[in-house]
Amino acid sequence: MRFSVPKAQIIIRFIPGITFFLEGAQKFLYPDTLGIGRFIKLGIHNPTFWAPTVGGIEILFGLFLIFGLLTRYATIPLLAIMVAAFIYTKLPLLLNEGFLPMFHAYRTDFALTLCLIYLLVTGAGPYSLDYNPRKRRRYY
C-alpha cells in the first residue's frame, strides 16, 4: 500500500495525539504513580496543581492533534511539556550517567518531539478539521 504525504500526515498527527491523550488520562486514573505521586517523586513544586494541569493539557491538545484542530497551536504547549519532561527526567540522567543511557531513555520523547516539530512546521494536512479547501495551500 502506498501512502501520499497528506494521508501519511494523519499518522504523524496520531502518534503524539494518541500518546499525549492516553498519558494525560493516566495522570488522573493513576494519580499515585503517574500523576501527583510522580510529580512529588520528581521534586516538582506544587504537584497538586501541576499534575492535573499537565494531564488536562495533554488530554485536550492530544485530542486537537488527533482531529487536526488548531494543530500548529496545539503543538506549542505539548512541546513545552516535552522540554519540562527532559529537564526533570532526562537531564539528571545525562549529567549522572552520560549521553547513551540518557538517549536510550529519551528515545520515545525524541520521536514525539520530532513529530510535534513536524506538525508545527507543516500543519495538520488536508485530512483534518484545520483544512480549508478555499485556501489553495499545499501540504507536501
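Please read these numbers as outputs of a predicted model, since none were measured by experiment. The basis for the numbers below is simple: all heavy atoms, side chains too, and nothing from hydrogens, waters or symmetry mates.
The main-chain N or O of Leu70 is found under 3.5 Å from a side-chain atom of Asp130 such that the two form a donor-acceptor pair. Although no hydrogens or angles enter the test, the distance criterion places a donor-acceptor pair under 3.5 Å between the side chain of Gln9 and the main chain of Gly123. Here the side chain of Arg38 pairs no donor or acceptor atom with the backbone of Thr33 at under 3.5 angstrom. Listed for the Asp32 side chain is no donor-acceptor partner under 3.5 Å among the backbone atoms of Gly37.
A chain of hydrophobic side-chain contacts below 4.5 Å, direct or via other Ile, Leu, Val, Met, Phe, Trp or Tyr residues, connects Ile57 to Leu65. Tyr30 and Ile36 fall into different hydrophobic clusters, where Ile, Leu, Val, Met, Phe, Trp and Tyr side chains are chained together by heavy-atom contacts under 4.5 Å. Side-chain heavy atoms closer than 4.5 Å link hydrophobic residues (I, L, V, M, F, W, Y) into clusters, and following such links, even through other members, never connects Leu34 to Ile18. Using a 4.5 Å cut-off between side-chain heavy atoms of Ile, Leu, Val, Met, Phe, Trp and Tyr, with links allowed through other members, Ile12 and Tyr73 fall into the same hydrophobic cluster. Taking hydrophobic clusters as Ile, Leu, Val, Met, Phe, Trp and Tyr residues chained together by side-chain heavy-atom distances below 4.5 Å, Phe39 does not share a cluster with Leu29.
Between the CE atom in Met82 and the CD1 atom in Ile117 there is a gap of 9.5 Å [rounded to 0.5 Å]. Atom CG of Leu116 is separated from atom OG1 of Thr19 by 9.5 Å, given to the nearest 0.5 angstrom. Note that CZ of Phe20 and SG of Cys115 are 9.5 Å apart. Values are rounded to the nearest 0.5 Å.
Two residues are said to be in side-chain contact when any heavy atoms from C-beta on lie closer than 4.5 Å; Leu78 and Leu112 fail this criterion. Side-chain contact between Trp50 and His45: absent, with no pair of heavy atoms (C-beta onward) separated by less than 4.5 Å. At a threshold of 4.5 Å between non-hydrogen side-chain atoms, the residues Phe61 and Leu69 do not count as touching. Side-chain contact between Pro52 and Lys27 is absent, with no heavy atoms from C-beta onward closer than 4.5 Å.
For Leu91, the side chain to side chain contact (heavy atoms under 4.5 Å, CB included) test picks out Phe86, Leu94, Leu95, with sequence neighbours left out. For Ile76, the side chain to side chain contact (heavy atoms under 4.5 Å, CB included) partners two or more places apart in sequence, or in a different chain, are Leu120. Scored by the side chain to side chain contact (heavy atoms under 4.5 Å, CB included) test, Pro31 finds no partners at all (sequence neighbours excluded). Listed by chain and residue number, nothing satisfies the ring-ring contact (aromatic ring centres under 6.0 Å, His included) test with Phe14 (two or more places apart in sequence, or in another chain). Listed by chain and number, the residues in a side chain to side chain contact (heavy atoms under 4.5 Å, CB included) with Leu93 are Glu97, Met102, Ala105 (sequence neighbours excluded).
Ala74 and Pro77 get closest at one heavy-atom pair: O-CD, 3.4 Å. Between Gly68 and Ala124, the shortest heavy-atom distance links the atoms CA-CB, 3.9 Å.
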Please walk me through it: do Tyr88 and Ile44 pass side chain to side chain contact (heavy atoms under 4.5 Å, CB included)? CA-CA 8 Å; Tyr88 279 97; Ile44 296 173; 3.6 Å; yes
Side chain to side chain contact (heavy atoms under 4.5 Å, CB included) assessment of Tyr118 paired with Arg13: CA-CA 9 Å; Tyr118 175 83; Arg13 281 199 340 257; over 6 Å; no
Starting from the C-alpha separation in whole Å, work towards a yes-or-no answer on side chain to side chain contact (heavy atoms under 4.5 Å, CB included) for Phe28 and Ile59. CA-CA 10 Å; Phe28 294 101; Ile59 290 169; 3.8 Å; yes
Working for side chain to side chain contact (heavy atoms under 4.5 Å, CB included), residues Arg72 and Leu119: CA-CA 6 Å; Arg72 286 188 166 129; Leu119 292 170; over 6 Å; no
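Residue Pro47 forms a side chain to side chain contact (heavy atoms under 4.5 Å, CB included) with just one option from Val54, Leu42, Ile40, and that option is Ile40.
Pairs of residues two or more places apart, or lying in two chains, that qualify as side-chain hydrogen bond (donor to acceptor under 3.5 Å, both in side chains) and include a residue from residues 103-112 are Lys90-Asp109, His104-Arg107.
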